[in-house]
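Before any comments, here is the structure.
Only a predicted model underlies this, so the values are computations on that prediction, with no experimental measurement involved. Here is how names work: the chains are called A, B, and so on, in the same order as the sequence lines, proteins then strands, and each is numbered from 1.
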Protein chains: 2
Amino acid sequence: MLNLAQVETFVAVVEQGGFHEAARHLGVSQPTVTQHIKKLEADLVRPLIVRAHGSAGTTSHGAAFLPFARTLLRIAGRARAALDSRGLVIGASSNIGVYLLQPLVKAFAEALPDFGPVDLRIAGNPDIARRLEDSEVDIGLMEWWDDRPGFEAQVWREEPVVVIVPPDHPWAGRASVDKAELLAEPLIGGEPGTGTARLLERELGIAPEALKAGPQLGSTEAVKQAVRAGLGVSLTLESAVRDETASGALHALSVRERPLAKSLYAILADNLPAASPARAFGEFLRPAAPAGV
Amino acid sequence: MLNLAQVETFVAVVEQGGFHEAARHLGVSQPTVTQHIKKLEADLVRPLIVRAHGSAGTTSHGAAFLPFARTLLRIAGRARAALDSRGLVIGASSNIGVYLLQPLVKAFAEALPDFGPVDLRIAGNPDIARRLEDSEVDIGLMEWWDDRPGFEAQVWREEPVVVIVPPDHPWAGRASVDKAELLAEPLIGGEPGTGTARLLERELGIAPEALKAGPQLGSTEAVKQAVRAGLGVSLTLESAVRDETASGALHALSVRERPLAKSLYAILADNLPAASPARAFGEFLRPAAPAGV
DNA sequence: ACACGTTACGGCAACCGTAAGGATT
DNA sequence: AATCCTTACGGTTGCCGTAACGTGT
């Protein structure tokens, strides 16, 4: 099989008109150029270059080979460019993508531009999982992970989860509520697959059936509006409601028995090359600020 | 730079749907396939293949790379084919090409068809020398050689040279003439650059000026016709007049002082790869029948 | 147990750079 | 002498096959 490095050297010799210039142009030593040409000629079993003092030209075989050589290099370059231009595709679940990740994506793209453009795709958690399986995204930032094989998960953050109520709610002046109070209020559900139900069950021992379920809405934004409208209370990532708590549009409380926090995971296929953009982004996330910022 | 062997393995894995089948198809061991894919993924810094039990598929990166991979292999194959189809170009001086070489060319093409088609180009000796310099021919069969650098010469044959006279010539019944007799007859010249004058000077000590020169014709065929027409005698390769001496159209004599013979040379560029068609033909010529056949 | 792919390892060749050696101008 | 290419050589790396090892069916 042809060696493209040798082919590149051949083209350089022809274009630069000499071994010495070709070596300089390619950034290799000059004997390497000699060797490349010799190897290529041996491989093709044809002389390609006529060595004359001061001017290296092609033989008739070399002339016949030259257009193929240029084409091969062009295609190889395009292949690499096509992959590079795809850049890094990050998949993030809605809350993470909307409220947490965007500044980090920007910082990564600026700090390590060599990995090419960064594309952030926001979708529901189950959809991100599917896209990981299908290699549609290179790294997934999710609110749960089920340790399915073929992937490695790292806990990215432990993000606080708070109860939100409208400003005119009886709890509005308090810092926390207890489990019993929570069970008595209609609990508005947000996006499915975010693991909130699992969190309640694991941390507070609340079975899904025990809840007084309010409307099940599809997005965190919808939940916020519902809570403000007085349809019930809800649980969200603290970072998702920071603007509203600051402005007083919503009031956030912790749970007295146990401050809730949700683990956010970064998921990568476990066969990624060490220097891949996805791994680089995973490493970039590691020194992220501790939970709660 | 991309490694085309790895690219070929990648395509094989995709087409065969598995590492095992790809290895069998390529004729390599299965771990080699693993290694090729890993190296290629590391090189492109993207995962290309999704390893699943029973079915290997591409990642999105792999799918993007696949058409480039196929194109690269196709171009590489075409480049090789383009060079192979050029085959071997043999340059031969007129006498050699017309009277001696054709059966050998046929035998070579049949004995070693792997070297591709064989093209025989017949021209004058100086033109063959020029074509060798310009790499327009891969091997030259000539009647002289001046040991210019960059080429290797091997003596192919010592081919007898005879004096030819018409059947009604006074010498027609004899087997030889001597130098003095030769000098007295008009000597018809053939194709320039065949080294006949050099031969006379070296072997018989005849200076060019001492000759009673007849017309200088451009080709051996013209010389034969001139001799038959009685314009003079001439010197030719014995093999060039075998038909005519057999039919009685011409009579051939040797020179008494010293039987004349001309060295025929095979000339190759000295930088040819060992397995090149030109070298193969050169080797093919070596065991040729001894001079005089 | 079987089928598939990966890891480990050892031998061999490829590759590259430095240094020295022609050859030509 | 200067330029250009080739040869020689050693250290490193790449490459491939055999064998042993996971892993999922």
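Closest of all the heavy-atom pairs between A:E201 and A:A207 is OE2-CA, 4.4 Å.
At least one side-chain heavy atom of B:M142 sits less than 4.5 Å from a side-chain heavy atom of B:I267.
Considering only side-chain N and O atoms, A:H36 lies nowhere under 4.0 angstrom from the phosphate OP1 or OP2 of C:dA14. OP1 or OP2 of D:dT6 sits under 4.0 Å from a side-chain N or O of A:T34. Residue A:N3 places none of its side-chain N or O atoms closer than 4.0 Å to OP1 or OP2 of C:dA14. Between D:dC15 and B:K39, a contact under 4.0 Å exists linking OP1 or OP2 to a side-chain N or O. Taking side-chain N and O atoms only, A:K38 has no distance below 4.0 Å to OP1 or OP2 of D:dC5. Under 4.0 angstrom from either OP1 or OP2 of C:dG17 there lies at least one side-chain N or O belonging to A:T32.
Atom C1' of nucleotide D:dT3 and atom CZ of A:R24 are separated by 15 Å, given to the nearest angstrom. Atom NE2 of A:H20 is separated from atom P of C:dT24 by 19 Å (rounded to the nearest Å). Between B:Q30 atom CD and C:dC4 atom P there is a gap of 10 Å when expressed in whole angstrom units. In this structure, B:I37 atom CD1 and C:dT7 atom C1' are separated by 17 Å, rounded to whole Å. D:dT6 atom P lies 10 Å from atom CD1 of A:I49, rounded to whole Å. Between the C1' atom of D:dG11 and the CD atom of A:Q35 lies a distance of 14 Å, rounded to the nearest Å. Distance CG (A:L26) to C1' (C:dC16): 13 Å, rounded to an integer number of Å. B:L40 has its CG atom 11 Å from the P atom of D:dC15, to the nearest Å.
Among residues two or more places apart in sequence or in another chain, the salt bridge (Lys or Arg N to Asp or Glu O under 4.0 Å) test is passed with B:E110 by B:K106.
Between B:P31 and A:S29, the residue anchored nearer the 5' end of DNA chain C, judged by the nucleotide with its closest heavy atom, is B:P31.
Residue B:V28 is in sugar-phosphate contact alone, with no base atom involved, counting any heavy-atom pair closer than 4.0 Å across all strands shown. Note on A:Q6: only backbone sugar-phosphate atoms sit closer than 4.0 angstrom, heavy atoms only; bases stay farther off.
For the ring-ring contact (aromatic ring centres under 6.0 Å, His included) condition, the pairs that include at least one residue of residues 60-94 of chain A, sequence neighbours left out, are A:F10-A:F65.
Applying the side-chain contact (heavy atoms from CB on, under 4.5 Å) test between B:L141 and each of B:V105, B:L100, B:N95, B:I96 identifies B:I96 as the sole match.
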